[in-house]
Amino acid sequence: MSIFTPVNQKRLTNVAVVRIKSHGKRFEIACYQNKVLSWRAGTETDVDEVLQTQTVFSNVSKGQLAPTEDVKKAFGTDDSLEVCKLILQKGELQVSERERQVTLESMYHEIVQLVAEKTVNPHTQRPYPVNTIEQALKDAHFAVKNHRNSKQQALDAIRILK
C-alpha cells in the first residue's frame, strides 16, 4: 500500500519560518535560513533573495494565508512586501532541534578552548588539557546559554572551576 502524494504539492524543504505575534494573531513568512541571518546582519539587501514567497501566512506548514484584514489591522498596511520586511526585522526565526544542538555544541567547544587558553596549572605552570576542562565542567554541571557570548560564559566557567 503506497501513500499518494499530489504532484502539485510543494514540499517544505530548506524553509525557515519567521514568526511574529501581533494583535493576538500569528503571522509567518517562508524564508531561506542562511539568507535571513545575512539579511539581519546587513550583508544581504535584496528581500527577494531572502523570501521564498512574498505572501504572509497564518500557518506556513499548512499553507494557510493570513486574512488581509488581519494584516492591515496588525501592521497598518496591506502591502505584503512591507509586512514581510517588518516580520523579517522583528520576528523570531524558528530553528530546528538539530541546528540548535550543533550551535550549542560548537559554542561549548569554543568556551572550553577559551578556558584552556586562559588557565594554567599552578603546580606545573602548564596549561590544562582540554579533556580535563571538559570533564571538570561536566562535573560542575555547566550549561551553555545560547543568548550570551562565549567569552562571558568562559569567564563564568573559570569562576565555577576555581
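If you read the sequence from its start, that first residue is 1, and numbering goes on from there.
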- Task: Indicate yes or no: at least one non-hydrogen side-chain atom of F75 is less than 4.5 angstrom from one of E82.
- Result: no
- Item | NZ-OG1 distance between K162 and T119, expressed to the nearest 0.5 angstrom | 10.5 Å
- Item | Minimum heavy-atom distance between C31 and V36, given as atom pair plus value | CB-CG2, 3.3 Å
- Query: Counting distance only, does the side-chain N/O of Q153 pair as donor-acceptor with the main-chain N or O of R148 below 3.5 Å?
  - Reply: yes
- Specify the closest pair of heavy atoms between A74 and F27, including all atoms of both residues, with the distance to one decimal. CB-CE1, 3.6 Å
- Look at E97 together with R100 and state whether they make a salt bridge at an N to O cut-off of under 4.0 Å. yes
- Item | Sole residue of R26, Q64, K25 in side-chain contact (heavy atoms from CB on, under 4.5 Å) with S58 | Q64
- Task: Indicate yes or no: at least one non-hydrogen side-chain atom of D70 is less than 4.5 angstrom from one of H23.
- Result: no
- Task: With side chain to side chain donor-acceptor pair (under 3.5 Å) as the test, would you mind laying out the steps for S80 and D78 before giving the verdict?
- Result: CA-CA 6 Å; S80 62; D78 58 352; over 6 Å; no
- Message: Nearest 0.5 Å, please: how far is NZ in K35 from OG1 in T43?
- Response: 8.0 Å
- Task: Working to the nearest 0.5 Å, report the span between CD of E49 and OG of S38.
- Result: 9.5 Å
- Task: Identify whether the distance between the nearest side-chain nitrogen and carboxylate oxygen of D156 and R159 falls below 4.0 Å.
- Result: yes
- Message: Under 4.0 Å between a side-chain nitrogen and a carboxylate oxygen: does that hold for E28 and R19?
- Response: yes
- Item | Rounded distance [0.5 Å steps], CG in L86 versus CD1 in I20 | 7.5 Å
- Message: Rounded at 0.5 Å granularity, tell me how far CZ in R40 sits from CG in L88.
- Response: 7.0 Å
- Query: Rest of the hydrophobic cluster containing V115 (Ile/Leu/Val/Met/Phe/Trp/Tyr, side-chain heavy atoms under 4.5 Å)?
  - Reply: L104, M107, Y108, I111, V112, Y128, V130, I133, L137, F142, V144, I158, I160, L161
- Just how far is it from atom CG of L51 to atom CG of D46, taken to the nearest 0.5 Å? 9.0 Å
- Task: Using the side-chain contact (heavy atoms from CB on, under 4.5 Å) rule, pick out the option among V18, T55, V17 that qualifies with V60.
- Result: V17
- Query: Within a strict 4.5 Å, meaning less than it, do heavy atoms of the K72 and T68 side chains meet?
  - Reply: no
- Task: Give the minimum heavy-atom separation between Q54 and L81, together with the two atoms involved.
- Result: NE2-CD1, 3.5 Å
- Query: Which pair of non-hydrogen atoms, one from W39 and one from T45, has the smallest distance, and what is that distance?
  - Reply: NE1-O, 4.1 Å
- Message: Is a donor from one side chain sitting under 3.5 angstrom from an acceptor on the other, for S150 and E110?
- Response: yes
- Looking only at heavy atoms, the pair that brings Q125 and V120 closest together is C-CG1, 3.5 Å
